[in-house]
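Could you have a look at this structure, given as structure tokens, before my questions?
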Amino acid sequence: MNIILLGPPGAGKGTQARRLVDQRDMVQLSTGDMLRAARKSGSEMGRKVAAIMDAGELVTDEIVIGLIEEQLTTAQPGGGFIFDGFPRTLAQADALAALLQRLGQNLDTVIEMAVDDDALVARVSGRFTCGDCGEVYHDQSKPPKDPAVCDECGSANFVRRADDNAESLRVRLLEYYKKTSPLIGYYYAKGLLQTVNGLDSMDGVSASIRAALDKVEQTGSIAS
Ligand code: AMP
């Protein structure tokens, strides 16, 4: 089963994708993670995208489509791919459809994680991750049990994203509303859209996503 998690920055896409990886053996394809890895490696592409990412703007369609194509043609699909943070423009959505078709694969459903804007600001400004295992934490809603140590892997290497600040978030939200939110209508029209309440607890959102995926698995479609 191949799915897209769609939603604004801070909606919880990464957290829920990680849960699906653990629970369903799915493979998370996060273009944000791929771009951060490219920056870390110091590659030419990584250097090119650094300033754009820090400002909160979108990198070119060409770059992210190239990254996704590389992963789709090389990664083992396991229980299916989770597209996290991709597509973010209509051109990316069309490119994904063409790529999947070429590989003889389908897009099974698109899960929109709906969250209101005030909640996004609070979520993004408090979040950090374990630099070793990737577990996501939040200053208020999900602090580690021992503030200096990751609950999952015991590492003390916590990282905060350079673009998780108020100014960058404002730009990221604008980019989302201008360029990404039209995808909600696009996938609705394709009969693929399901919406979950992203403001629910993490477990509550996981349960809603599980129900959405079960529906596709049981009926082969999302028509109710
Ligand atoms: P994310 O981790 O998904 O929030 O992405 C972090 C940043 O990477 C974004 O603010 C963009 O600058 C860039 N980025 C990630 N995915 C895409 C995409 N599909 N299209 C364009 N830019 C992206």
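By convention here, the first residue in the shown sequence is residue 1. Read the numbers this way: they start at 1 and go in the same order the structure lists the ligands and their atoms.
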Exercise for review: Between Met53, Glu175, Arg88, Met34, flag the one that comes closest to atom 1 (P) of ligand 1 by a heavy atom.
Suggested key: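 Ranked by closest heavy atom to atom 1 (P) of ligand 1, first place is Arg88.
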
Review point. Quick one: do Arg19 and Asp22 make a salt bridge, cutoff under 4.0 Å?
Key: no

Exercise for review: Any atoms of ligand 1 less than 4.0 Å from a non-hydrogen atom of Gln92? List them with their elements.
Suggested key: 18 (C), 19 (N), 20 (N), 21 (C)

Practice item. Measure Leu58 to ligand 1 on non-hydrogen atoms and call it side chain, backbone, both or neither using the 4.0 Å cut-off. Key: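 Both of them.
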
Review point. Asp117 and Tyr176: side-chain donor and acceptor closer than 3.5 Å?
Key: no

Study note, to complete from the structure: Ranking Glu57, Arg39, Lys13 by closest non-hydrogen atom to atom 11 (C) of ligand 1, top hit is Glu57

Exercise for review: Evaluate the side-chain proximity of Val124 to Arg161: yes if any heavy-atom separation is below 4.5 Å, no if none is.
Suggested key: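 Arg161 does not reach Val124 side chain to side chain.
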
**Study point:** Shortest protein contact, atom 22 (N) of ligand 1 (heavy atom only)
**Key:** Val59 N, 3.1 Å

Study note, to complete from the structure: Here the atoms of ligand 1 under 4.0 Å from any heavy atom belonging to Thr31 are 15 (C), 16 (N), 17 (C), 18 (C), 19 (N)

Review point. Between Lys13 and Asp84, what is the shortest heavy-atom contact and its length?
Key: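 Minimum heavy-atom separation between Lys13 and Asp84: CB-OD1, 3.6 Å.
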
**Study point:** Part of Leu35 with heavy atoms under 4.0 Å of ligand 1, whether side chain, backbone, both or neither
**Key:** side chain

Practice item. Enumerate the residue pairs fulfilling salt bridge (Lys or Arg N to Asp or Glu O under 4.0 Å) with a member in residues 128-140, sequence neighbours excluded, ordered by first and then second residue. Key: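 Matches after skipping sequence neighbours: Arg18-Glu135, Glu135-Lys142, Asp139-Arg160.
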
Check your understanding: What part of Arg161 sits under 4.0 Å from ligand 1 if we count only heavy atoms: the side chain, the backbone, both or neither?
Key ->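 Within the 4.0 Å criterion, Arg161 contacts ligand 1 through side-chain atoms alone.
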
Practice item. Considering the heavy atoms of Gly85, write down every atom of ligand 1 situated less than 4.0 Å from one of them. Key: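 In order of numbering, the contacting atoms are 16 (N), 17 (C), 18 (C), 19 (N).
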
Check your understanding: What closest approach, in Å, do Arg123 and Gly198 show between heavy atoms, and which atom pair accounts for it?
Key ->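 Here Arg123 and Gly198 meet closest at NH2-O, 2.7 Å.
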
Check your understanding: Which bit of Arg36 gets closer than 4.0 Å to ligand 1, counting heavy atoms only: side chain, backbone, both or neither?
Key ->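 Side chain only; the backbone of Arg36 stays clear of ligand 1.
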
Point to revise | Interatomic distance, Ile209 atom CD1 to Thr109 atom OG1 [nearest 0.5 angstrom] | key: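 Between atom CD1 of Ile209 and atom OG1 of Thr109 there are 10.5 Å.
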
